[in-house]
Structures are given as C-alpha cells and as structure tokens.
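The sequence lines fix the lettering, A, B, ..., with proteins before strands; numbering per chain opens at 1.
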There are 2 protein chains.
Amino acid sequence: MTRPRSRRGGGRPTIADVARKAGVGAITVSRALREPGRVSEDLRRQIQAAVDELGYVPDPNARALASARAEVFGVLVPSLTNNVFAEVVRGIYDSLSDSPFRIQLGNTHYSGLEEERLLQVFALQRPAALIVAGIDQTPLSRKLLETTGCPVVQVMETGPDPVDMLVGFSHFDGGRTATEHLIETGYRRIGFIGARMDPRSQRRLAGYRAAMQAAGLFDPRLITTTPLLSSVTLGRELLRDALAKMPSLDGVFCNNDDIALGVLFECHRAAIAVPETIGIVGFNDLDMMQAAFPSVTSVRTHRYEIGRQAVAMALAAIAGQRPQQRVVDLGFELIRRESTAR
Amino acid sequence: MTRPRSRRGGGRPTIADVARKAGVGAITVSRALREPGRVSEDLRRQIQAAVDELGYVPDPNARALASARAEVFGVLVPSLTNNVFAEVVRGIYDSLSDSPFRIQLGNTHYSGLEEERLLQVFALQRPAALIVAGIDQTPLSRKLLETTGCPVVQVMETGPDPVDMLVGFSHFDGGRTATEHLIETGYRRIGFIGARMDPRSQRRLAGYRAAMQAAGLFDPRLITTTPLLSSVTLGRELLRDALAKMPSLDGVFCNNDDIALGVLFECHRAAIAVPETIGIVGFNDLDMMQAAFPSVTSVRTHRYEIGRQAVAMALAAIAGQRPQQRVVDLGFELIRRESTAR
DNA sequence: AAAAGATGTGGTAGCGCTACCACAAATGGC
DNA sequence: GCCATTTGTGGTAGCGCTACCACATCTTTT
C-alpha cells in the first residue's frame, strides 16, 4: 500500500536512488560527497557516475535537520543601503559563492535590540558561522554569540577583546590620521561634522579630538553632530550649522563621504573656496571622492577585503584550522587630493 | 538504551515537549501554530501557555523537510552595491521582517547565465516565493520560474508578459519623459550618456531616441555608451568623450545618477555652465541629486515601494488570494531642478 | 603468529516536523 | 430518531539525510 516514494517531494532523486544505482549503501554516498577521502577510489567513481546520471543534488533542509548544522552564514549589518556595508556584504557573498554556504542577511538598523532579536532568530538555524558588524554588542548579544558554538567574526573594527575572531581597522586612528593631515597642511580651525553617530563614528570623533588636543587646537564648538541618518543633503545643512556657530572654520573632517560631498556642495553654493578657504576630508573613499571637483581627500577603507577576510577566517575555523591570528587589522589609507591641497 | 532525546540537537524544546506539557498530540500543536482557526479555543490557550513556558520555537529546517516548502523568499538582483537594488532589497526585507519568511539573496552580476545557475540552486530549497529583477530572463530561467510552483514576482519594470506577477515602471517612458523635458526647456543637441547598458538602460535609451526622433533632433553621434560598470568617475570620462565627438552638445540625459554626478563634476572642471551651456538630467533621483550644486533634475523611481509591493503580492498569492491585478506600474516622477532651469 | 590498530562499508535509528488518514464527537437535515 | 455531514483531534508514517555503532577486511606492531 505504501506508494513507492516521492509522495510529497517533487520527485527529485534522493540519496537512496543514487545508492541503489551505484550499488552501495546510502551512507557511503553521503560520505563520498562530504568526505571523499574516506571512500575508496572505486566506489567514489561509481557514485559520482550515478550522481551525474541522476542529476542528484542533496537537499539542504534534510542535511541541516540530520546534522543539526545548516550550511548558512548569518550576516548582521546595520544597514543594507549604506554603501560601506553593501561592499562588505559583497565581499562575503563573492567569497562564499563557490562554497555550499548560503547567506542569511540581517539588518540591525543600528539598533542593539534589533541585533539581539536577529541573533536569536539566526541561532535557531544553527548557522555554520556568524559575521557581525561592530564590537559593541549588548551583553545578551555577546552571550548569544559566545554560546552559538559556531565561528564568529566581528568585522569593521579592531579591538582588544573579540568574541572569537575580528577583522577591521581602527576608526580612532583613521580619524586621527585625517585630522593630523589637515593640521599638517596648515588648517587650524578644523571642525568635525558627523551624522548618525554610531560607535564607529564616535571613535573617529575621538581620533579627531586626540589629534586636535595634541596640537593644542581643540575647541568643543568645532564639533557638529546629529543622530539623523547620514546623507549628502544633511552634509550641506551641517556645514551651514557649523559655520553659523564658528564662522572662522577653515577645515572639516567629515564622518563619511556622503557628508563630505554635501559639505563640498555647500561650499560651492556659498562660494567658499576649496581648498583655499576650507579644507575637506572625508571617510571611506567612495568612488565619487576621486571624481568630485575639486577631488576630495578621504580615508580609504577596505570594505570588500574585510568581507573576504572574514569569510576566509570563518571557513578556516569551520575546517578545524582556526587561524592563530584571531584579530586582523586591514588598516586604511589616507588619499590626499585637491580638497586639502593648498 | 535509547538516550531520552536531544542526542544531537542542542536540547531545544521540540514540538513533542510542548504536546506533552499541554496534554495534546503533537499534530495539534503543529496545527495550533499554523492554522489556529482549526483548533478549539481551549486547546489553543493551553498550547500557547506551554509554548511560552518552554520557549518553544519551531525548527525551520524540520519544517521545510516535512512540508517540502521552505519559508524562504528567493531574491535575485544584478548587484548588491548598486543603491537602486539595495533599496529594493531593503523594501523586501522590511516587508518580510514581521513574517516567518527569510530572504535568500542572489547576485546575478548582470549575467543571465549566473541567474540561471542561481535559480537552479534556489529551486532546491523550494522557496515560498521568488522575486527577480527584470523581465529579460533566458529561456531556461523563464522555464525554471514557471515550474517552481511558487509565486514569482518580477520587479523594476513593466511589460506585457510576466511569468506570474510584475511590479515596476516603464524605463522607456522614463527615458522619454526626461528627454522631452530637456527638449521643452529649449535644449537641442541633447546627448545620451550611459554605462553598463543592461536591458533597463537600453529601454531608457530607446525612450530617449523616441523623444529625439519625434522632435526631429535625433543624431546617433549624440549617444555615448560603454559596457563598463557605472560610476561617477566614468560619468566624467563619458562626458569628455561625448564633447570630443560632439562639441555642440547642449544637454545630456544620463543613464543614472552616478553618471549624472560625474557629468556635473566634469562641467565644473571644464568651466561649462550648468544649466546655461549644458542641461543635465539624471535617473533614479538619489538623495545627492537634490543636494548637488547646482541641484540636478532627475527621474525619481520608487525602488523601496517596488520591494514592498512585490512582497505584498507574493504574500497574497501564498495566502491563496492571488491579486487580480498581476502587473502593477508604480510609475516615476520627473523632479525638475536647477540643472535644467534655464 | 597473535594482538592491536587502521580502514572501509553498511545498517539502524533517529533529526523535528507535517501529510495523510482514521475516528470520535458534535451538528444538521428530514 | 436515524443517517449524512462537519468539526476537532490523534496516530502513523514518512520527508532526505547523517550520527552512531557494528563489523568485516586489511595493515601494523610485538
């Protein structure tokens, strides 16, 4: 009475079909596919022939259920549209496209609570690895990360105390380097302009502050920030605010390149000469910084590489070869351009 | 000898635990969670109490295996970093965040072959719905989409013959409207500048051509394109190329806003007055078009809304209420700004 | 040469859930 | 009051795969 099979399934060949055709046990097929080294040359060839002939592809859901481990990388970023994180995701995606691993993407919207919620949801799937942006997880998030039992890579920053592995660069140093460059170029009343002051922006601000204080130039009225989401339009408004507060401003270090572009446009509008009257430095070095007129000095960060490196480390850990260097600093690079060339 | 349970699983409560605690059969728990209407009020409450107490959450993998249907939306876009598609994905993500559905993202890199490959991989998971960008699938891709047995939404365009459902707008009309605006404003030697000429860009170009021909202004030498990936830097180069070919150029319709921004910067560099000497129109209306100086006229498209609408239609179809209107045109809007205000 | 280990293969028993069917109880029609 | 229907619930049997153990067969050790 039991109908042969594929009562519910779409009639796709299963591992049992392959086993029958190859004249071996199902488990041997399973092994031949996952750990070819543990199956004899002969059988492996037979099995491969049967797989090819039937067009067999393992069912990822059955695999996940049986092995209590899904071939999924959980990826948590604060924004899907911010080009910076889009680049990181692209790096992750590209590095994973030849592997059996899929990506489960989560958008935290810069919210620690949302991150907690997503981490809980992700944990249900027993992912093979987790990649999360930042190092400022809530205590609960941190505990969740520590107890998932899978490799965890925090990305975008460096820091002393990773949950597991860490790939990024120092935002503090980036901010300081950018500011020092302005100082060295001869600017004195250098403002900081920033939107959406997330922890990374805060550290860039701290770097700015350190540089300014070291040069004896620090003045809190030089800082203009807002919690609003960053945009080019906002950059324009913030420069107006900054100039209203401090008309003698002669340079700005911008939180990111969108803001820097807005600042540049506002200078055009107000007929403020760049770099003569005001120098501008951005952060991240998006393509448009090079193309702008005048071109804009920026701190180049290696977002795509961060994604790739994170995957490389996670894959190594999955393969049992956890890299001895668990914190990788990919650094940054100050790209000097016309906006500070006076 | 059989150890109680959770030999491999991480000891998470299962549906059987809930059933035991609530004093009902496992299947009733399953039903209470999925189709509450089919379980009596009493049991439903009892079961809910047990679920809450144990902190039970269904295992998505087991579910997918048993029901031969994963709670996953497959989403295929040509680029992860292009802001346009990032916005669509964000709309999809936001609309799905309160549902049990996860997102499986695929990046086709503007390649039909890659799209085919990804579609085959996605089909293995028996997704609940598929959302794909564009209407120019290869014949094989189209067949795969038709035979998956799940709702399919094509997005970003309109067209006569959707696989299933379709949400977008007419790129042809967008290109024509932009060009007509330039013509009406008094520009005559209007160029088309475009990078990465994917099918949507081709249709915008066709719209441009139609408008130019209707006005008796068309000249093939006014068209400057490249298959290279679009960027602000490329916009600058392409304007230089266009001007070299056609020094009398007095307007440009740009394929997208990145190109338009590059064109604007090149005008600055070459001291070409905008809008007096050259008028510029972009496409998509990214935030920076409004903030630019001069601000840039652009064709606003509703990317985020496209994502939301696509999910709404897919969810309706999953619920058995396929919308009678299977093609939704969300239109576009010409935003007139300084770059064409002469 | 016997003992101890390594190697390769297969059988069994689930992983956690839902489809399918069975069946009791409640409802409705005449 | 009987039969037909509806409603609610549960048992059974998988979904397709892999962990675990068993067990031959082949090596290596002493």
Take the protein atom [atom1] of [X] and the nucleotide atom [atom2] of [N], then report the distance between them rounded to whole Å.
X       : N      : atom1 : atom2 : answer
A:Arg69 : D:dA19 : CZ    : P     : 12 Å
A:Asp59 : D:dG16 : CG    : C1'   : 6 Å
B:Leu65 : D:dC15 : CG    : C1'   : 4 Å
A:Asn61 : C:dC15 : CG    : P     : 18 Å
A:Leu54 : D:dG16 : CG    : C1'   : 15 Å
B:Ile15 : C:dA19 : CD1   : P     : 11 Å
B:Arg63 : D:dG14 : CZ    : C1'   : 18 Å

Check: Which comes earlier along DNA chain C counting from the 5' end, the contact point of A:Gly23 or that of B:Ala16, where each point is its nearest nucleotide?
Finding: A:Gly23
Which nucleotide in the set [options] lies at the smallest distance from any side-chain heavy atom of [X]?
X       : options                : value
A:Tyr56 : C:dG16, C:dT18, D:dC17 : D:dC17
B:Ser67 : C:dA19, C:dG16, D:dC17 : C:dA19
A:Ile27 : D:dC20, C:dC17, C:dG14 : D:dC20

Salt bridge (charged side-chain N to carboxylate O under 4.0 Å, His left out) involving [X] - partner list, sequence neighbours excluded:
X        : result
A:Glu305 : none
B:Glu87  : B:Arg90
B:Asp52  : none
B:Arg44  : B:Glu41

Note to self: Once ring-ring contact (aromatic ring centres under 6.0 Å, His included) is applied, do any residues pair with A:Phe101, and if so which ones, sequence neighbours excluded?
What the structure shows: A:Phe73
Note to self: Tell me the closest heavy-atom pair linking B:Glu71 and B:Pro100, and the distance in Å.
What the structure shows: OE1-CB, 3.8 Å
Check: So, are B:Glu53 and B:Lys21 salt-bridged, with charged N and O less than 4.0 Å apart?
Finding: yes
Margin query: Any residue in residues 28-45 of chain A with a heavy atom nearer than 4.0 angstrom to DNA chain C? Just list them by number, or reply none.
Written below: A:Thr28, A:Arg31, A:Val39, A:Ser40, A:Leu43
